[in-house]
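Note sheet for the following structure.
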Amino acid sequence: MFVMGDSLVDNGNNNGLSSLAKSNYPPYGTDFQGGPTGRFTNGKTIIDLLGDLLGLPLLPAFTVTFTGQQDIWVGVNYASAAAGILDESGLNLGDRISLRQQVENFKGTLNQLRNQMEQDTLNQYLAKSLVVINIGSNDYINNYLMPSIYSSSSTYTPEAFAEHLINDYDAQIMALYNLGLRKFLLAAIGPLGCIPNQLAKGFAPPGKCVSAVNDMVEIFNRRLKNLVDQLNHGNYTEAIFVYGNTYGAFNDILGNPATYGFKVVDKGCCGVGRNKGQITCLPFSIPCTNRDEYVFWDAYHPTQAFNKITAQKAYSGPQSACYPINVKQMAQL
């Protein structure tokens, strides 16, 4: 499994960067064996949990694979907190590895793999491998929705911006296809108007999400699902492209929290809620004890409890969760 994306799936690639988007300190990793690693949650990410369901061990972060001592046969995670589809997204937080650079980094892994196996074997290995991409949130939170720093919202309408993002995204997906990958899981952007960071801006009445933000994200998601249809009907030999409906899963849980065992949906477990939702967990701050009852770990990122539910939906859920097939079905192809 090869993973690209942002802080929702980063497992430590930002640890050595000059960035404000880091999580290699407590209370991150409170429930993770080995403590803080650079995962932006209390325990496992959705990628770790999908790996559990697929029978894969934890993947190494790309930044620790240079020495040759890591087993890269199981896959590699290239994701970087604050990264976006666009190179400039997240610049306000410092260094990050954009999607374009993550694709370049995958080429580095390919060179390592070429030294370990014949080309025919490598082709079969890549065709069987799963690629998971979870990206796009920072193109909104740390770009389009920050008019004081970025000009994108005065340059593009929400429709035109989504189109711009999808065109760039498509180019990177095609680059990966041309390198030999064939099984793509492309995650939707979640309802960003419901994250504590956005609620803290005060644009929504208490108990409501920021609908203008969610409407923008939905435009992107509709275009991403359309792209999946286009790619599946295109002339891409033996490839499958799947849309992971993160937005729908999130909305379902936020609309019916008790059904899933959640009690708190509007503030982070590590003390960053509606009133102070601008930052990640403060180093060594004491998180809540009832972590499995919180949807959000901090102002941006969900808890392990939430990740477990979404991983299961992606793995074995119906078409409404994972379209046109789920991850379990993809793995069997």
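Model, not experiment: these values are computed from the prediction. By convention here, the first residue in the shown sequence is residue 1.
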All heavy atoms of Asn14 vs all of Ala21, minimum pair found to be ND2-O, 3.0 Å

Would you find a donor on one side and an acceptor on the other, under 3.5 Å apart, between the side chain of Tyr125 and the backbone of Trp73?
yes

Shortest non-hydrogen pair, Val217 vs Gly190, comes out as CG1-O, 3.4 Å

Query - Asn143 and Tyr150 side chains, donor-acceptor separation under 3.5 Å - result: no

Smallest heavy-atom separation, Leu91 atom then Arg96 atom, equals N-NE, 3.4 Å

### Geometric class of the Tyr140/Phe220 ring pair [parallel <30°, tilted 30-60°, perpendicular >60°]
perpendicular

Mutual orientation of the aromatic rings belonging to Trp297 and Tyr28 [parallel < 30°, tilted 30-60°, perpendicular > 60°]
perpendicular

Name the orientation class of the two ring planes belonging to Tyr236 and Tyr177 (parallel below 30°, tilted from 30 to 60°, perpendicular beyond 60°). perpendicular

Please state whether the sulfur gamma atoms of Cys194 and Cys209 sit closer than 2.5 Å to each other. yes

The side chain to side chain donor-acceptor pair (under 3.5 Å) partners of Asn138 (sequence neighbours excluded) come to Asn142

_CA sep, side-chain torsions, deciding dist, call: Tyr323, Tyr243, ring-ring contact (aromatic ring centres under 6.0 Å, His included)_ = CA-CA 5 Å; Tyr323 168 88; Tyr243 172 75; 7.2 Å; no

Side chain to side chain donor-acceptor pair (under 3.5 Å) with Asn42: of Asp31, Asp292, Asn307, Thr30, only one passes, and it is Asp31

Of all heavy-atom pairs linking Gln172 and Val103, the shortest is OE1-CG2, 3.6 Å

With a sphere of 6.0 Å drawn around NZ of Lys183, does it hold more than 12 non-hydrogen atoms of other residues, nucleotides or ligands?
yes

In short, Arg291 meets Cys269 closest at the heavy-atom pair CG-SG, 3.5 Å

Taken to the nearest 0.5 Å, the spacing of Lys308 NZ from Ile46 CD1 works out to 13.0 Å

Pair Phe306 + Phe250: ring centers closer than 6.0 Å: yes

Between the CG atom in Leu186 and the CD1 atom in Ile173, the distance rounded to the nearest 0.5 Å is 4.5 Å

Exercise for review: Apply ring-ring contact (aromatic ring centres under 6.0 Å, His included) to the pair Phe2 and Phe106, showing each step before the final yes or no.
Suggested key: CA-CA 8 Å; Phe2 296 98; Phe106 172 70; 5.2 Å; yes

Rounded to the nearest 0.5 Å, the CD1 atom of Ile72 sits from the CG atom of Leu113 at a distance of 4.0 Å

If you look only at distance, which donor and acceptor atoms sit under 3.5 Å apart when one is on a side chain in residues 158-168 and the other is two or more places apart or in another chain?
unit_1	atom_1	unit_2	atom_2	d
Glu163	OE1	Arg223	NH1	2.0
His164	NE2	Tyr156	OH	3.4
Asn167	ND2	Glu163	O	3.3

Those residues at least two apart in sequence (or on a different chain) that pass side chain to side chain contact (heavy atoms under 4.5 Å, CB included) with Val210 are Gln198, Phe203, Ala204, Val213

Original post:
Is atom CD of Gln119 surrounded by more than 12 heavy atoms (other residues, nucleotides or ligands) closer than 6.0 Å?
Top reply: yes

